[in-house]
Amino acid sequence: MAVSGDTVVVGADSEDSSTTGVTSTPNESAAQSGAAYVFVRSAGAWTQLAYLKPAAVGLKQTGDRFGRSVAVSGDTVVVGANGEDSSTTGVNSTPGDTTPFGGGEFESGAAYVFAVPEIAVEQPAGTDLTSGTASIAFGAVGNSSHVKTFILKNTGNGPLIITSVSVTGGNAGDFSVNTSGMLISVPAVTGTTFTVTFTPAASGSRTTTLRILNDDSNDFDITLTGAPLSFTIDTDGDGINDASEFQMAALGFDWEVSQPALVSNYFSNANGAGLYTTAQVQALNVGVPLLTKDAATGKFKLTLGVKKTTNLTQPFIDFPMNGVGMTTVINAAGKLEFQFTVPDNAAFFRVQSQ
């Protein structure tokens, strides 16, 4: 037996199965071929992680006594087989003995190294997700879709085999997985990618589970949520609504991240181009009554003033109703008309109480 942290490897050199590789189904066809068992502890509970056999085939395993000695360090397991009979040499040679209990170099022995994969998932790049607790939010505007790329990494020292990547449960039909180009066998200390697309089929919150089946010690589950984005809701509170930020993603906007500096710069440049927000235009409407009643006489008085500006971000300046080239008349329809000459290419005028 060998122990490393929460991992225990137990050798059984008299085990009789002729099966090969990792986690095969035992039989009774190769006497004393041997085996090793890997157990891991998580949250105080022990579970069997792997059943180890050498990658040999046929009768040459008989009498090899694989598992007579074992060692483990981190993600690496070494198993000795002192009864192995091959005469080959070096690392990863092909065993040359196919006869049980003899032939080749009788009981010359061998050692087998097993490397363990370790799955890690990032979204976005550089942000590690925790299986079972991670949640990724999607958004979409109208009939549009939202695509996110997931980075799947193998941080262990053995190949990581990806069995499947799928969505299951809840509103799974609103999410689709694209594994085109994704590696099925991910080498140690490398990675691969896949994408998930959210296309809402109905209004309101949508949710499902992204499940990554693999040959690590556990499968990887991530909660996916999605919702149609609104032009009236500002989730991150930075001054631009979710739908607009989603549509301006190419400019660096992220509807889930507060970006006040980017928003301020955006509005500043937009105003310079003559574009103004609804709030800026609505500020032209003065919230004070223009018509007042004299309680003593019962008469109404209407007092108006006119102010102008060429830029809604600048204070309005006084623009008197009389002067050269300016007239004020009551027209035939009983409406008050102002006539004046404006030297600016464009100007905003505000009528307000005085």
Side-chain angles (χ1 to χ4, degrees), residues 120-153 165-179 191 193-212 220-285 287 311-313:
V121 182
E122 297 180 357
Q123 206 315 295
T127 301
D128 284 320
L129 303 180
T130 301
S131 178
T133 61
S135 180
I136 299 297
F138 289 75
V141 178
N143 296 323
S144 67
S145 298
H146 190 188
V147 181
K148 288 194 174 185
T149 299
F150 290 75
I151 298 90
L152 196 159
K153 291 186 173 181
V165 181
S166 62
V167 287
T168 178
N171 309 112
D174 290 10
F175 300 83
S176 60
V177 178
N178 184 357
T179 57
T193 63
F194 64 90
T195 62
V196 176
T197 300
F198 169 61
T199 307
S203 60
S205 179
R206 320 295 287 171
T207 184
T208 190
T209 298
L210 174 66
R211 179 158 296 165
I212 305 171
F220 210 102
D221 285 348
I222 303 168
T223 299
L224 304 181
T225 62
L229 300 182
S230 169
F231 285 100
T232 60
I233 297 175
D234 180 12
T235 297
D236 54 29
D238 60 8
I240 296 184
N241 62 74
D242 296 346
S244 293
E245 287 193 294
F246 177 81
Q247 292 180 327
M248 294 191 296
L251 300 179
F253 287 95
D254 186 334
W255 65 277
E256 298 177 275
V257 179
S258 181
Q259 303 165 299
L262 180 62
V263 171
S264 177
N265 183 59
Y266 171 78
F267 281 140
S268 176
N269 284 282
N271 291 161
L275 303 176
Y276 299 94
T277 66
T278 300
Q280 288 174 320
V281 175
Q282 287 177 340
L284 292 172
N285 176 33
N311 188 327
L312 287 180
T313 61

ask   = With a 4.5 Å limit on heavy-atom distance, are the side chains of I240 and M248 in contact?
value = yes

Heavy atoms of D238 and S258 approach each other most closely as CB-OG, 3.7 Å

d(E245 CD, L229 CG) to nearest 0.5 Å is 10.0 Å

Decide whether D242 and T235 meet the rule of one side-chain donor and one side-chain acceptor closer than 3.5 Å. yes

Exercise. Quick one: does T193's side chain get under 4.5 Å of F150's, heavy atoms only?
Worked result: no

Practice task
Output, in order, the C-alpha distance, side-chain angles, deciding distance and verdict of ring-ring contact (aromatic ring centres under 6.0 Å, His included) for F198 and H146.
Solution key: CA-CA 5 Å; F198 169 61; H146 190 188; 7.8 Å; no

- Item | Student check: side-chain heavy atoms of F220 and L210 closer than 4.5 Å | no

query = Are any non-hydrogen side-chain atoms of V121 and I212 less than 4.5 angstrom apart?
reply = yes

**Prompt:** T208 side chain to N171 main-chain N or O, any donor-acceptor pair under 3.5 Å?
**Reply:** no

Taking the side chain as every heavy atom from C-beta outward, state whether P260 and V263 have any atom pair closer than 4.5 Å. no

Distance col, row L224:CG vs S135:OG, nearest 0.5 angstrom, shows 7.5 Å

K148 and E256 ion-paired at < 4.0 Å:
yes

Separation between CG (D174) and OG1 (T197), nearest 0.5 Å, reads 12.0 Å

Between the OG1 atom in T149 and the CD atom in E122, the distance rounded to the nearest 0.5 Å is 12.5 Å

ask   = Side-chain donor-acceptor pair under 3.5 Å between N241 and S244, yes or no?
value = yes

Derivation and outcome, side-chain contact (heavy atoms from CB on, under 4.5 Å), residues I136 and L129
CA-CA 9 Å; I136 299 297; L129 303 180; 4.0 Å; yes

Checklist entry - Side-chain donor-acceptor pair under 3.5 Å between S230 and T232, yes or no? => result yes

Taking the side chain as C-beta and beyond, is there a heavy-atom pair between R206 and T225 under 4.5 Å?
no

What one should report as the nearest heavy-atom pair of S144 and P200 is O-CD, 4.0 Å

**Asked** Just by distance, do the side chain of S264 and the backbone of A261 share a donor-acceptor pair under 3.5 Å?
**Response** no

The reported gap from CH2 in W255 to CD1 in I233 (rounded to nearest 0.5 angstrom) is 10.5 Å

Exercise. Counting only heavy atoms not in F246, do more than 12 fall under 6.0 Å of its CZ?
Worked result: yes

(request) State whether the side chain of N269 and the backbone N or O of N271 hold a donor-acceptor pair below 3.5 Å, judged by distance alone. (result) no

Donor-acceptor contact present, side-chain Q259 to main-chain D254, <3.5 Å:
yes

I'd like to know if the side chain of T199 pairs up with that of S145 as donor and acceptor (distance under 3.5 Å, no hydrogens or angles considered).
yes

Closest non-hydrogen contact found for A202 with P228 is O-CG, 3.9 Å

Interatomic distance, CG@L262 vs CZ@F267, rounded to 0.5 Å, equals 10.5 Å

